[in-house]
Amino acid sequence: MPVATAAANIALVKYWGKRENRLNLPARGSLSLTLDALRTYTEVVRDESLEADTLTIDGEVKTGRAVERITELLDLLRAEAPPELRKIRARVVSKTTFPVAAGLASSASGFAALTVAGSAAYDLQHNAVELSALARRGSGSAARSLFGGFVRMEAGRLLDGSDAAAHPVEGVPVELAAAVTIVNSGEKDVGSTDGMEKTRQTSPYHRAWLDQVVKDLHAAEAALKKGDLATLAGIVEGNCLAMHADAMAARPGIIYFKAATLWAIDRVRALRKGGLPVMFTVDAGPHVVAFTPPAHVDEVARELGQHPDIKRVITSRAGEGAKLIDALPAEVVR
Ligand code: PMV
């Protein structure tokens with residue numbers, strides 16, 4: 001039965017706001033780096049004896065919304081499947097190489113792996129762009145995890161969303177790695193779907209944010225292609241802070257930062273002032289991600305690990321896109 005693996009990705013130019021909710025269409029494009037170390041392996045087994053899909057993540061049987069979300073995606077695949085397979089439910093078993101509960105980008109690797117394994121399980125033959133558009137239905141950022149390295153997601157224009165898919169950015173002469181901090185944070189964050197919708201509805205800055213993303217996408221891709229990390233740092237950090245400013249300006253304001261987040265942002269800027277080519281970004285949570293060339297990533301991780309509320313820093317090189325593999329690797333079968 002098909003097994004797929006996909007790596008998470010972290011956006012350098014963020015997606016924050018949809019143009020359509022049902023098909024999960026982003027209002028603007030985004031730009032990301034796929035990260036090898038944050039990986040999900042997913043097996044999808046068709047099982048005629050099941051009345052509903054089942055989901056196990058890292059050995060824990062899931063219920064409720066988590067199962068509904070995978071069923072919604074599998075239903076899209078089943079609708080295209082050969083007629084004799086359409087009613088058959090599936091057993092989905094997922095393993096991750098990073099702490100899912102920490103609120104890292106697990107929906108990106110999770111839905112990318114589910115889409116690739118699910119498409120094969122239901123005897124479908126999708127190309128990578130079709131898989132990307134399907135993965136988007138599970139989570140917007142998952143569309144980017146179909147591809148490796150630097151990836152550009154398009155907002156698309158079509159009403160059916162078939163052009164709202166990602167593609168790799170070719171011709172980048174520099175390599176970036178990431179140091180991903182895991183910040184201890186008590187209460188649960190506002191999820192990205194709710195956060196971006198409330199921001200869209202109530203933030204007076206949302207229009208300005210959407211306009212800025214268009215400029216940032218263009219400038220970030222140009223800086224990447226020139227290998228100009230100093231210019232890229234200004235765009236990536238500015239884009240991240242603009243996204244958070246937009247969210248903070250929602251009513252009531254959405255604040256993802258914790259004290260350790262601001263501390264890590266400061267450290268990254270101090271390291272850059274000291275001559276290191278490093279830049280930060282922060283998703284819809286408190287964890288700072290620092291991008292830097294692979295030669296510096298261990299040093300950056302050591303520096304960012306100094307705060308008492310940063311319990312771990314995961315380092316990662318760029319990763320490949322989602323793909324089918326023969327079986328779950330021995331080291332992830334626990
Ligand atoms: O894929 P979603 O729906 O969880 O949205 C991701 C939103 C951000 O992580 C904050 C930004 C991004 O582009 O990944």
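We count ligands from 1, going down the list as the structure has it; atoms in each ligand are counted the same way.
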Pair H244 and F257, ring centroids less than 6.0 Å apart: yes
For atom 1 (O) of ligand 1, the option (of P26, S141, A247, G17) bearing the nearest heavy atom: S141
Contact check, R144 vs ligand 1, heavy-atom distance below 4.0 Å: yes
Distance filter under 4.0 Å to [X] heavy atoms, resulting ligand 1 atoms:
X	answer
K14	11 (C), 13 (O)
G140	1 (O), 3 (O)
S139	1 (O), 2 (P)
A11	12 (C), 13 (O), 14 (O)
M196	5 (O)

Are more than 12 heavy atoms from other residues, nucleotides or ligands located less than 6.0 Å from atom [atom1] of [X]?
X	atom1	value
E48	CD	no
N21	CG	yes
Q125	CD	no
K198	NZ	no
R251	CZ	no

[X], any N or O under 3.5 Å of ligand 1 N or O:
X	value
Y15	yes
K18	no
S30	no
T193	no

Salt bridge D211-K215, side-chain N to carboxylate O under 4.0 Å: no
Tell me: protein heavy atom nearest [atom], and distance?
atom	answer
atom 9 (O) of ligand 1	D283 CG, 3.4 Å
atom 4 (O) of ligand 1	S192 OG, 2.6 Å
atom 10 (C) of ligand 1	A284 N, 3.7 Å

Name the atoms and distances for all side-chain donor-acceptor pairs under 3.5 Å in residues 117-124, with sequence neighbours left out.
from : atom 1 : to   : atom 2 : distance (Å)
S119 : OG     : H126 : ND1    : 2.9
Y122 : OH     : R78  : NH1    : 3.1
Y122 : OH     : I88  : O      : 2.5

Donor-acceptor pairs under 3.5 Å, side chain of residues 294-309 to any protein atom, not counting sequence neighbours: which ones?
from : atom 1 : to   : atom 2 : distance (Å)
E303 : OE1    : R267 : NH2    : 2.8
Q306 : NE2    : R302 : O      : 2.9
H307 : ND1    : D309 : N      : 3.0

